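As the structure is a prediction and not an experimental result, all values here were calculated from the model. We number each residue from 1, following the sequence as shown.
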Amino acid sequence: MTTKEIANKYYELASKGQWLEIMEKFHDDKIVCQEPEHVAQRGVPVITEGKEANKTKSIANRERIETIHSQQCSEPLVAGTFFTLTLKRDVTFKPNQRMQLEEVGVFEVKGDKIVLEKFFY
């Protein structure tokens with residue numbers, strides 16, 4: 001698959017909140033995920049390496065959410081082996097802390113897998 005094809009499929013699945021399916025289908029086994037430094041204050045690792053570690057982190061993050069009121073994903077912008085998109089969510093975290101979240105994700109594709117993802121928020 002090309003970067004554009006992966007980006008479009010990512011957008012399609014992200015728009016439906018199918019994060020684990022994205023990881024299963026498109027993450028390389030050795031993917032590296034980089035979060036902003038400030039997430040360490042919440043106990044979230046800044047760097048996570050490997051598909052299984054990223055899935056575990058994602059599941060743990062979702063368990064902190066009480067309610068997802070809405071979410072949206074922008075269409076991807078593709079350049080070479082990279083694509084980017086924005087994610088917006090209105091969520092209530094346990095216990096009852098509602099927040100509006102906005103982030104930019106930048107993804108690198110090699111072969112037909114995402115090998116790097118960086119999030120800015």
- For K25 and K113, which heavy atoms make the closest approach, and how far apart are they?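 In this case the closest contact between K25 and K113 is O-NZ, 2.8 Å.
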Measuring from [X]:[atom1] to [Y]:[atom2], what's the distance to the nearest 0.5 Å?
X: F120; Y: T86; atom1: CZ; atom2: OG1; answer: 13.5 Å
X: K118; Y: Q34; atom1: NZ; atom2: CD; answer: 4.5 Å
X: E21; Y: E12; atom1: CD; atom2: CD; answer: 8.5 Å
X: Q71; Y: S15; atom1: CD; atom2: OG; answer: 8.0 Å

- T81: partners by side-chain contact (heavy atoms from CB on, under 4.5 Å), with sequence neighbours left out: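 Here the qualifying residues are T3, E108.
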- Item | T92-T67 side chain donor-acceptor pair, cut-off 3.5 Å |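 Looking only at side-chain atoms, T67 and T92 do not form any donor-acceptor pair under 3.5 Å.
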- Message: Please check: side-chain N/O of K9 versus main-chain N/O of K4, any donor-acceptor pairing under 3.5 Å?
- Response: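 Pair absent, no side-chain N/O of K9 close to backbone of K4.
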- Query: Any sub-3.5 Å donor-acceptor pair from S58's side-chain atoms to N54's backbone N or O?
  - Reply: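 Not a single qualifying donor-acceptor pair exists.
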Side chains of residues 97-106: which donor-acceptor pairs under 3.5 Å do they make with residues two or more places apart or in other chains?
unit_1	atom_1	unit_2	atom_2	d
R98	NE	D90	OD1	2.9
R98	NE	D90	OD2	3.4
R98	NH2	D90	OD2	2.5
Q100	NE2	D90	OD1	3.0
E103	OE2	R89	NH1	3.0

- For Q18, side-chain hydrogen bond (donor to acceptor under 3.5 Å, both in side chains) partners two or more places apart: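 side-chain hydrogen bond (donor to acceptor under 3.5 Å, both in side chains) list for Q18, sorted by chain: empty.
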- Are any of the side-chain nitrogens in E35 or K57 under 4.0 Å away from the carboxylate oxygens of its partner?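 Between K57 and E35 there is a salt bridge, with a charged N closer than 4.0 Å to a carboxylate O.
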- Task: Could you name each residue pair satisfying salt bridge (charged side-chain N to carboxylate O under 4.0 Å, His left out) that touches residues 58-87, not counting sequence neighbours?
- Result: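 Checked against salt bridge (charged side-chain N to carboxylate O under 4.0 Å, His left out) - neighbours excluded - no pair reaches residues 58-87.
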- Query: Applying side chain to side chain donor-acceptor pair (under 3.5 Å), which residue pairs with at least one partner in residues 36-46 are found, sequence neighbours left out?
  - Reply: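 Qualifying pairs: none.
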- Query: Apart from V78 itself, what residues make up its hydrophobic cluster, given side-chain heavy atom links below 4.5 Å?
  - Reply: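 Same cluster as V78: M1, I6, Y10, L13, W19, I22, F26, I31, V32, V39, V44, V46, I47, F83, L85, L87, F107, V109, I114, V115, L116, F119, Y121.
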